[in-house]
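A note on names: the letters A, B, ... follow the listed sequences, proteins ahead of strands, and every chain is numbered from 1. Values below: all heavy atoms of this structure, side chains included; hydrogens, waters and symmetry mates excluded.
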Amino acid sequence: MVRYILKRLVISIITIWLLATVTFFLLRTLPGNPFQTEKLLTVEMQERMMSYYGLDRPLMEQYFTYMKNLLQGNFGYSLKYTNRTVNSIIKSTFPVSAELGLRSLAVALPIGLALGVASARKRGKIIDYICVVIAVIGVSIPSFIMGTFLQYIFAIKLKLLPVSQWKTAAHTILPTVALALSLMATLTRVMRASMLEVTMQDYIKTARAKGLGEGRITWSHQVRNAMIPILTMLGPMVASVLMGTFVIEKIFAIPGLGQHFVNSITGLDYTMTMGLTVFYGIFLVTANFIVDILYGLVDPRIRLAK
Amino acid sequence: MSNMSVKLPADAFRPVKQTSETSELITRPSLTFWADARRRLMKNKVAMLGLIIIFIITLMAIVVPVFSQYSYEQQNLSNTNAPPSTEHIFGTDSHGRDLWVRVWYGARVSLAVGVFGSIIPSLIGIIIGGISGYFGGKVDMIIMRFIDIVMCVPNMIYIILITLFIGTGPVALIIAFAITGWMGTARSVRGMVLQLKEQEFVLASRTLGASSLSLIFEHLVPNTLGIVVVSMTLGVPAAIFQEAFLSFIGLGIKPPIPSWGQLANTGISVFRIYPSQLLIPAALISMTMLSFNLFGDGLRDALDPKLRM
């Protein structure tokens, strides 16, 4: 186990390093410079800004400087937000995105799995059709349309909830629901398919043959085994949801991380994009690592230290 | 069913004459895997409904812009934001452009991006996954590690990079999807090929002298097609959604060329005053995605023998 964890750690570090390197050079191949978009700056001033941030040095030198800072956990200064480090921007916006993400997952995960199980158990019955319809509609409506409609109906027409912003608990309801609906739909679909797949397995027949009740079979045999595909998708899902979703944040004017991600790439804010990508990469690698350990707990057949 | 009992008199039965010839007779034509799948798909009403809606929307997208008296970029500033009427079936937008034509021209763009943005990356994925799984060893290791790293970089960055390099038209979007979307298919094809290549039929054709290439593309890949076709179908709504999302953040299709995502995005800004400008593209996006999802689900049920009822 210890050997396995160490091996994974080394692979993770290499992955993050490669990720940072690839992103670093990809970003620099983009045409233009970060200060071009601010039209007030003359070419001369742009050049001075470039040299102020060390962007006029040879690319390899910049790369090594960046890597050295990265090793110390320093993402550098944002090129667009004057005098703010990428670390401080992440520190102030990540908790907002993470809170929204966790709230949505807390809603979507139990409901999604329950609908998936219910629908698979009652395959071909009315409950199954209702669950399938909810799930298909959930994945078929893009989040920006869903968000806009929720906002229009509950905030503008019915005036039940605040339109936007991120202040009180009431402010969190609409964005949470908008995000949770699509997550829930995806989870329901995967869980249903996975449950049906498991139903055909021999160990279910064995369980039935030795006289276990349907409830026992479902809960301690089917669900447990059907969780494996869910776990696989949960790693990337949790990582991307916690990192913030641009669309929901934009519609509901939430000060989260998602908007910085998109804006920094289009605005050529190199350090910001780099910082967020590496941060996301670390997050994703950690999430996948936790998932791999959970595999072993759910299914004893999967031994980690092969 | 055991709990249903029907009483039949004994004289309702008579012996069937069986000879050694008739007992071996094949009374029904044997069905190939694909013929059987098609039969089961045709019986699935929901999937067929999806297919019909896709067909109608495609037909409208082809026909309407050809026969309309307006073009998608023709402005009429004296008649802006008109409500739906007989002259302009879906009304006009803030530049006085006819939305009926714009919506169906946008359908061409969105459908093209959706379909090709799903098929092309899948084909690339099949080729790379097939090679990776068949050759195994070092080749496999390198390809899989490459995919691991490339997949770790958020898709958005590639798509934005590519659109910044080669522009923002529909073709650029399809290329961007092709470059970013093949990894998932490659992984699953590789996994299946790894399992399949140990089976006897592969050994048999290798003994008969089949080359590696023909083994991969004539014997192994066709056996993975069922799952790939399903993921291709379900990839279409994903690509349409991706296009809508990119247009929403201003990186997709640029005006005056319309796409559903871009029409919906414009619609959102005027939603409270002219709701129909959002409702129409939103309904079409959702309906198309729904149809492809329903059809894809039906296809999966038809192709996966394990899910037979």
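In this structure, the portions of A/Ile137 lying under 4.5 Å from any heavy atom of chain B include both its backbone and its side chain. Both the backbone and the side chain of A/Phe144 have a heavy atom closer than 4.5 Å to some heavy atom of chain B. In this structure, no portion of B/Ile240 lies under 4.5 Å from any heavy atom of chain A. In this structure, the portions of A/Leu26 lying under 4.5 Å from any heavy atom of chain B include both its backbone and its side chain. A/Val139 touches chain B through backbone and side chain together, each having a heavy atom under 4.5 Å away. For chain A, the nearby part of B/Leu234 is the side chain; its heavy atoms alone come within less than 4.5 Å. Proximity to chain B (any heavy atom under 4.5 Å) is shown, for A/Ile14, by neither the backbone nor the side chain.
A/Pro142 approaches B/Met289 most closely through the heavy-atom pair CG-SD, 4.1 Å. Pairing each heavy atom of B/Ser286 with each of A/Ile141, the nearest pair is OG-CG1, 3.8 Å.
Residue with the most contacts toward chain B among A/Thr23, A/Leu284, A/Val247: A/Val247 (heavy-atom pairs, distance under 4.5 Å). Each of B/Val46, B/Ile285, B/Asp297 has some count of heavy-atom pairs under 4.5 Å with chain A, and the biggest count is that of B/Asp297.
In the displayed structure, A/Phe154 atom CZ is contacted under 6.0 Å by at most 12 heavy atoms of other residues, nucleotides or ligands. Within a 6.0 Å sphere centred on CE of B/Met42, other residues, nucleotides and ligands contribute 12 heavy atoms or fewer. Within 6.0 Å of CZ on B/Phe146 lie no more than 12 heavy atoms contributed by other residues, nucleotides or ligands.
Residues forming a side chain to side chain donor-acceptor pair (under 3.5 Å) with B/Asn265 (at least two apart in sequence, or on another chain): none.
The closest side-chain heavy-atom distance from A/Ser143 to B/Phe245 is not below 4.5 Å. With a 4.5 Å cut-off on side-chain heavy atoms, B/Leu279 and A/Phe149 count as touching.
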Sequence neighbours left out, cut at 3.5 Å: what donor-acceptor pairs do the side chains of residues 124-136 of chain A make with other protein atoms?
| unit_1 | atom_1 | unit_2 | atom_2 | d |
| --- | --- | --- | --- | --- |
| A/Asp128 | OD1 | A/Ser119 | OG | 2.7 |
| A/Asp128 | OD1 | A/Arg192 | NE | 3.0 |
| A/Asp128 | OD2 | A/Gly124 | N | 2.9 |
| A/Asp128 | OD2 | A/Arg192 | NH2 | 3.2 |

